[in-house]
There are 2 protein chains.
Amino acid sequence: MSTIFDVAKLAGVSTATVSRVINSPEMVRTQTREKVTRAMKICNYKYNSLARGFATKQSNTIGLIIPTINNPVFAESTRGVQDYADVRKTQVILGNTYYQYDQEKTLVDTLREKQVDGLIITTTNPRGNILKTLADENYPFVLLYSTIKTGPFWAVGIDNYRGGYKVTDHFISLGHRRIGMVAGNFSISDRSFHRWHGYRQCLLDHGIAYDKNLLIQTDYSLTEGQGSVKTLLSLADPPTAIFCSNDYLALGAMKGARERGLKLPKDLSIAGFDDIEIASYVIPALTTIRQPAYEMGKLGAELLFQRMENPARPIQRMLGTELIVRDSTARVPG
Amino acid sequence: MSTIFDVAKLAGVSTATVSRVINSPEMVRTQTREKVTRAMKICNYKYNSLARGFATKQSNTIGLIIPTINNPVFAESTRGVQDYADVRKTQVILGNTYYQYDQEKTLVDTLREKQVDGLIITTTNPRGNILKTLADENYPFVLLYSTIKTGPFWAVGIDNYRGGYKVTDHFISLGHRRIGMVAGNFSISDRSFHRWHGYRQCLLDHGIAYDKNLLIQTDYSLTEGQGSVKTLLSLADPPTAIFCSNDYLALGAMKGARERGLKLPKDLSIAGFDDIEIASYVIPALTTIRQPAYEMGKLGAELLFQRMENPARPIQRMLGTELIVRDSTARVPG
DNA sequence: TATAGTAATGTAAACGTTTACAGGAGTGCC
DNA sequence: GGCACTCCTGTAAACGTTTACATTACTATA
């Protein structure tokens with residue numbers, strides 16, 4: 001493999017000049033530039049951007065840490081990040097935590113060793129040591145799907161509380177009073193916790209007593225949604241509406257409910273959260289909260305670059321959500 | 001930021017020794033090792049694996065090129081390669097081509113400049129120059145979702161022809177004779193082409209004339225599935241069954257058919273390809289061909305490492321597929 | 001033609017590891 | 001005490017760029 005030296009020799013110039021035709025061609029005479037370009041062709045020169053990274057301490061790589069690429073909502077954000085990184089000529093290394101905090105730690109460490117220029121993190125614990133350490137060391141990172149509206153971290157997210165509130169309010173406006181919730185485990189998902197909070201507050205605001213038996217915390221997955229709904233339906237006084245804290249849970253719940261012989265949405269209303277693409281394709285089409293996943297990823301990447309270039313005081317951005325009413329929610333039976 | 005030099009100085013040893021405690025601690029005396037470890041703690045030493053990559057010409061990074069992370073089937077494969085890469089202490093840089101060949105070219109070039117140790121590629125054109133060049137230069141790469149059973153490339157894939165055949169055969173066994181197909185554009189998806197081929201051959205084998213009007217080539221997306229099915233249903237002699245060349249198209253088709261007032265599967269049978277997770281959660285549950293996406297990714301990564309370590313003659317692996325009959329296919333009406 | 005100014009190019013050190021090779025220290029044996 | 005051996009550690013070059021600074025080559029002006 002030929003290096004800048006070989007090219008320089010062949011073209012009869014110095015390595016500095018070769019480097020210049022690569023990085024700032026405008027500062028080398030046309031004639032020289034052509035000589036160099038020709039030489040590069042001849043010895044089939046291949047640029048080594050890792051060596052560049054080493055020399056400049058800039059890898060042009062960022063790390064993206066998400067719970068799991070399997071959830072379409074994170075896949076969508078990933079695209080947002082990638083697309084923006086692309087315009088900045090930066091590549092992204094992807095890591096899944098599978099909602100495990102120690103995995104998050106490992107990933108952060110590994111990626112930093114790799115000298116990524118910055119990190120975009122969908123954290124499992126916004127109050128943990130990982131972020132604190134990162135911030136203390138003034139390492140550039142931004143939180144994605146953040147629940148934090150203020151404070152020392154750069155972050156972009158949505159108002160999960162409001163989202164939960166909106167869904168619940170929708171249920172109530174349809175006459176429901178027994179409203180269950182299938183939530184992601186609070187211990188691994190702050191988001192889920194905030195959504196629950198909104199749900200709970202909305203109940204109280206409408207004079208509906210909060211019943212803790214109507215809450216199930218579980219893993220984010222189709223099968224868990226399917227199972228959880230059955231548990232709720234087995235209650236002595238089962239819910240007539242169920243708020244699932246993501247669309248996958250909701251889709252699972254729909255299946256579970258049907259397996260119990262219920263007609264949807266006549267016998268049971270179900271709503272989700274995320275508005276993943278298929279949400280509008282299932283039957284009945286899923287009522288859900290739309291969160292702008294792609295935009296969030298894109299904005300997260302933008303903020304990260306901003307942070308890397310100018311580590312001013314932290315910016316937090318909260319993106320809007322929208323209640324999308326479709327066919328999976330209906331008036332309370334009877 | 002402290003380097004190996006600082007640590008060495010502090011511990012009163014040479015950099016070589018420090019390097020050794022990092023990479024092969026067993027070859028340094030316990031006492032020395034502890035001295036060094038202590039020094040590392042004290043000066044808060046952070047390993048720089050980019051520098052290592054530079055020195056060893058091994059980045060411990062591989063590139064993964066897929067059409068789009070939005071398709072759950074690719075997301076699943078991505079997990080497979082990540083999980084295996086992980087056991088090899090390797091990170092993966094992800095790139096989407098969005099089914100564009102020039103994007104594929106750009107990605108390959110960029111990733112090679114980045115000195116990734118190898119590439120896993122879901123190509124848009126297995127006969128194009130990109131792969132040929134790569135192979136000529138003896139660059140380690142393996143094809144994912146490959147349609148190639150033999151030849152000079154390392155590859156893992158499935159038998160798309162057989163998949164297409166199986167689905168069609170299933171339709172025919174249910175009495176269907178007018179069987180349409182909504183396929184990904186042949187120009188960007190060899191896989192789709194092979195599936196069509198199987199479909200076509202199966203028709204012929206059963207004495208059913210091939211009708212080119214029953215084929216639609218389009219982009220892989222929910223909306224395209226939705227639109228395409230309507231086109232097919234508008235035919236003078238519309239199909240009673242439709243084979244969609246992936247599940248997203250099929251899910252879209254289900255919606256489109258319903259918008260036309262059809263009852264599924266009574267009025268129209270629909271089958272997909274991939275068996276993505278939600279396929280069994282929609283109503284009616286989707287009949288489809290299961291392809292082992294996760295395993296494919298994992299195996300692809302395994303093969304890549306094998307190829308990197310021992311560039312022997314190419315290996316091609318074809319994974320099994322399975323027809324999963326669910327509720328979206330039924331006997332022909334009447 | 002000399003000169004000042006600018007534009008283009010060259011020199012060489014730096015980036016943080018690894019590793020081939022050399023050298024030294026310890027051990028067991030005669 | 002000398003020797004051979006093993007085990008541990010050190011020396012220094014190498015990896016392929018970038019870049020501050022120095023130098024040289026042009027150009028315009030008088």
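Below, chains carry the letters A, B, ... as their sequence lines are ordered, and counting in each starts from 1. Please read these numbers as outputs of a predicted model, since none were measured by experiment.
- The environment of NZ in Lys114(B) is crowded: more than 12 heavy-atom neighbours from other residues, nucleotides or ligands sit within 6.0 Å.
- Side chains of Thr68(A) and Tyr220(A): no donor on one and acceptor on the other come within 3.5 Å.
- Between Phe5(B) and Thr17(A), the one whose closest nucleotide on DNA chain C sits nearer the 5' end is Thr17(A).
- Distance alone, capped at 3.5 Å, is enough to place a donor-acceptor pair between the Glu104(A) side chain and the Thr124(A) backbone.
- As judged by a 4.0 angstrom heavy-atom cut-off over every strand, Ser49(B) is placed among residues making no nucleic acid contact.
- Counting heavy atoms of neighbouring residues, nucleotides and ligands inside a 6.0 Å radius, atom CD of Gln31(A) does not exceed 12 of them.
- Under the 4.0 Å criterion applied to side-chain N and carboxylate O atoms, Glu76(A) and Arg79(A) are assigned as salt-bridge partners.
- For the pair Ile4(B) CD1 and dT11(D) P, the computed distance is 15 Å after rounding to whole Å.
- Of the residues listed (Asn160(B), Thr147(B), Asn125(B)), the one engaging Asp190(B) in a side-chain hydrogen bond (donor to acceptor under 3.5 Å, both in side chains) is Thr147(B), and it is the only one.
- For Ala55(B) and Tyr47(A), each mapped to the nucleotide of DNA chain D holding its nearest heavy atom, the one lying further toward the 5' end belongs to Ala55(B).
- Listed by residue number, Val28(B), Arg29(B), Thr32(B) are the residues of residues 24-34 of chain B with a heavy-atom contact under 4.0 Å to DNA chain D.
- Across all strands shown, Val13(A) has heavy atoms under 4.0 Å from sugar-phosphate atoms exclusively, and none from any base.
- Read 5' to 3', the first and last nucleotides of DNA chain C with an atom closer than 4.0 Å to a heavy atom of chain B are dG16(C) to dT19(C).
- Using a 4.0 Å heavy-atom distance criterion, Ser19(A) is classed as a base contact.
- Within 6.0 Å of atom NZ in Lys105(A), 12 or fewer heavy atoms from other residues, nucleotides or ligands are found, so the atom counts as exposed in its surroundings.
- In this structure, a donor-acceptor pair under 3.5 Å is absent between the side chains of Tyr99(A) and Asp219(A).
- Under a 4.0 Å N-O distance rule, the pair Glu137(B)/Lys46(A) qualifies as a salt bridge.
- Nearest-nucleotide assignment on DNA chain C puts the 5′-proximal partner with Arg20(A), out of Ser2(B) and Arg20(A).
- Within the 4.0 angstrom heavy-atom criterion, only backbone atoms of the sugar-phosphate kind lie near Thr3(B); the bases stay farther away.
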